[in-house]
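Here the structure is laid out as structure tokens; the discussion comes afterwards.
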Protein chains: 2
Amino acid sequence: MNESDVFRALSDPTRRAVFDRLLSGGKNATELREGLEISQPAVSQHIAVLRGAGLISEERAGRHTNYSVNPDGLKPLFDWLARYRAFWPDRVERLKTLLKEMDQ
Amino acid sequence: MNESDVFRALSDPTRRAVFDRLLSGGKNATELREGLEISQPAVSQHIAVLRGAGLISEERAGRHTNYSVNPDGLKPLFDWLARYRAFWPDRVERLKTLLKEMDQ
DNA sequence: GCAATAGATAAGTGTATGCTTATCTGAAAT
DNA sequence: ATTTCAGATAAGCATACACTTATCTATTGC
């Protein structure tokens, strides 16, 4: 919800790995756990933190729960970063990338 | 230096306030402390965390030390966020702003 | 109904974090 | 030289975090 929650949620590498995994589409908790050498409750707790920060949303489907990236979740981060636009790297390159992407 | 350090450093509101204060130019530790109801060592410790994350750099000047934003410090954050470009808000508006800014 | 499965919650543990007061280092000024 | 000021470091403390094992809830399938 707020900046602190988002920054804190993303400060943990395992949590970033979980979040990253959702980039390729929604997944359930078991799928999110794959490859991570961590207990089931630990994943569940990480998911709770990400949800609490507004970064992911969930949809119950039977006995599975499907988690997906909340499109607005990163907004606090973008908003905060916008004030540091002066320090954005490779502005021109980034702009080109954006333009190219938008043409598609 | 790495993503975790940057996210963690910025997860603390006091530390963001200190960092924000540097946006309007370099400052020494006493100036950074102004308005914060916090002890001098606490500020010193926050500065150490920000420096450790590569977010600020320092320049000793007599018995003062001038701290300033490290222009490359936010790069890990930008790089990480670049992968989530699909979720960037107001892409067109942001692009316009960038263009306007670059024309100046 | 009953066993199996997905996931959350409880309780406990070691470590990290943010803060404090007290002290140290080093440069400035008199 | 000695006091003064900027800032770092030391030590201690309370709380937060990330993790574990054990247990609970809810849904599915037989």
Side-chain angles (χ1 to χ4, degrees), chain A residues 1-22 25-70 77, chain B residues 1-22 25-70 73 76-77:
Chain A
M1 272 332 205
N2 62 63
E3 289 165 359
S4 291
D5 288 341
V6 174
F7 276 118
R8 202 181 57 70
L10 295 174
S11 69
D12 182 83
T14 305
R15 218 139 49 209
R16 280 200 309 281
V18 167
F19 188 69
D20 284 358
R21 199 160 290 191
L22 291 177
K27 301 211 173 6
N28 62 43
T30 306
E31 290 169 327
L32 285 176
R33 189 184 171 197
E34 276 166 21
L36 300 179
E37 302 207 336
I38 207 180
S39 66
Q40 174 267 316
V43 175
S44 197
Q45 287 157 16
H46 281 309
I47 287 172
V49 172
L50 288 168
R51 181 166 13 91
L55 287 167
I56 64 177
S57 48
E58 65 189 53
E59 195 185 353
R60 188 85 190 240
R63 73 177 150 184
H64 288 254
T65 305
N66 203 267
Y67 303 97
S68 52
V69 173
N70 175 11
L77 211 51
Chain B
M1 276 321 205
N2 61 63
E3 289 165 358
S4 292
D5 288 342
V6 174
F7 276 118
R8 201 181 58 69
L10 294 174
S11 70
D12 182 82
T14 306
R15 217 138 51 207
R16 280 199 309 280
V18 166
F19 188 68
D20 284 357
R21 199 159 290 192
L22 291 177
K27 301 209 173 9
N28 63 43
T30 305
E31 290 169 327
L32 285 175
R33 188 185 172 197
E34 276 165 22
L36 301 178
E37 303 207 335
I38 207 180
S39 67
Q40 173 267 314
V43 176
S44 198
Q45 287 158 16
H46 281 309
I47 287 172
V49 172
L50 288 168
R51 182 165 15 90
L55 287 167
I56 64 177
S57 48
E58 65 189 53
E59 195 185 354
R60 188 87 191 237
R63 73 176 150 184
H64 288 254
T65 306
N66 203 265
Y67 302 96
S68 52
V69 173
N70 175 12
L77 212 51

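These values consider heavy atoms only, across backbone and side chains, with no hydrogens, waters or symmetry-generated copies. We name chains A, B, ... by the order of the sequence lines, and we start the count at 1 in each one.
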For a 4.5 angstrom cut-off between non-hydrogen side-chain atoms, does A:Leu36 reach A:His46? no

Quick one: does B:Leu32's side chain get under 4.5 Å of B:Leu22's, heavy atoms only?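 Yes. Closest side-chain heavy atoms under 4.5 Å.
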
Can you tell me how far the CD1 atom of A:Ile47 sits from the CG atom of A:Leu55, to the nearest 0.5 Å?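 One gets 12.5 Å once the value is rounded to the nearest 0.5 Å.
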
Pairs under 3.5 Å (N/O, protein and nucleotides 4-8 of chain C):
{"unit_1": "C:dT5", "atom_1": "O4'", "unit_2": "A:Arg63", "atom_2": "NH1", "d": "3.4"}
{"unit_1": "C:dT5", "atom_1": "O2", "unit_2": "A:Arg63", "atom_2": "NH1", "d": "3.4"}
{"unit_1": "C:dA6", "atom_1": "O4'", "unit_2": "A:Arg63", "atom_2": "O", "d": "3.1"}
{"unit_1": "C:dA6", "atom_1": "O3'", "unit_2": "A:Arg63", "atom_2": "O", "d": "3.4"}
{"unit_1": "C:dG7", "atom_1": "OP1", "unit_2": "A:Ala29", "atom_2": "N", "d": "3.2"}
{"unit_1": "C:dG7", "atom_1": "OP1", "unit_2": "A:Thr65", "atom_2": "N", "d": "3.2"}
{"unit_1": "C:dG7", "atom_1": "OP1", "unit_2": "A:Thr65", "atom_2": "O", "d": "3.4"}
{"unit_1": "C:dG7", "atom_1": "OP2", "unit_2": "A:Thr30", "atom_2": "N", "d": "2.9"}
{"unit_1": "C:dG7", "atom_1": "OP2", "unit_2": "A:Thr30", "atom_2": "OG1", "d": "2.5"}
{"unit_1": "C:dG7", "atom_1": "O3'", "unit_2": "A:Tyr67", "atom_2": "OH", "d": "3.1"}
{"unit_1": "C:dA8", "atom_1": "OP1", "unit_2": "A:Tyr67", "atom_2": "OH", "d": "2.7"}
{"unit_1": "C:dA8", "atom_1": "OP2", "unit_2": "A:Ser44", "atom_2": "OG", "d": "2.4"}
{"unit_1": "C:dA8", "atom_1": "O5'", "unit_2": "A:Ser44", "atom_2": "OG", "d": "3.4"}
{"unit_1": "C:dA8", "atom_1": "N7", "unit_2": "A:Gln40", "atom_2": "NE2", "d": "2.8"}
{"unit_1": "C:dA8", "atom_1": "N6", "unit_2": "A:Gln40", "atom_2": "OE1", "d": "2.9"}

Select from A:Arg8 and B:Ala48 the residue whose nearest nucleotide in DNA chain D is closer to the 5' end of that strand.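 Closer to the 5' end of DNA chain D: B:Ala48.
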
5' priority, DNA chain D, between A:Gly62 and A:Asp12 [closest heavy atom]: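 The residue closer to the strand's 5' end, by nearest nucleotide, is A:Asp12.
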
Give the minimum heavy-atom separation between [X] and [Y], together with the two atoms involved.
X	Y	value
A:Ala9	A:Leu50	CB-CD2, 4.3 Å
A:Leu10	A:Arg16	O-NH1, 2.7 Å
A:Arg21	A:Lys27	O-NZ, 3.5 Å

Give one of base, sugar-phosphate or nothing for B:Arg15, where a contact means two heavy atoms less than 4.0 Å apart. sugar-phosphate

Start and end of the DNA chain D segment that chain A contacts, any atom under 4.0 Å from a heavy atom: D:dC17 to D:dT28

Result for side chain to side chain donor-acceptor pair (under 3.5 Å) between B:Asn28 and one of B:His64, B:Arg33, B:Glu58 points to B:His64

If I take atom CZ in residue B:Phe7 and atom C1' in nucleotide C:dT17, what distance separates them, rounded to the nearest angstrom?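 Taking CZ of B:Phe7 and C1' of C:dT17, I get 19 Å after rounding.
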
Treating A:Ser44 as the side-chain partner and A:Pro41 as the backbone partner, does any N or O pair qualify as donor plus acceptor under 3.5 Å?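 Such a contact is absent between A:Ser44 side chain and A:Pro41 backbone.
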
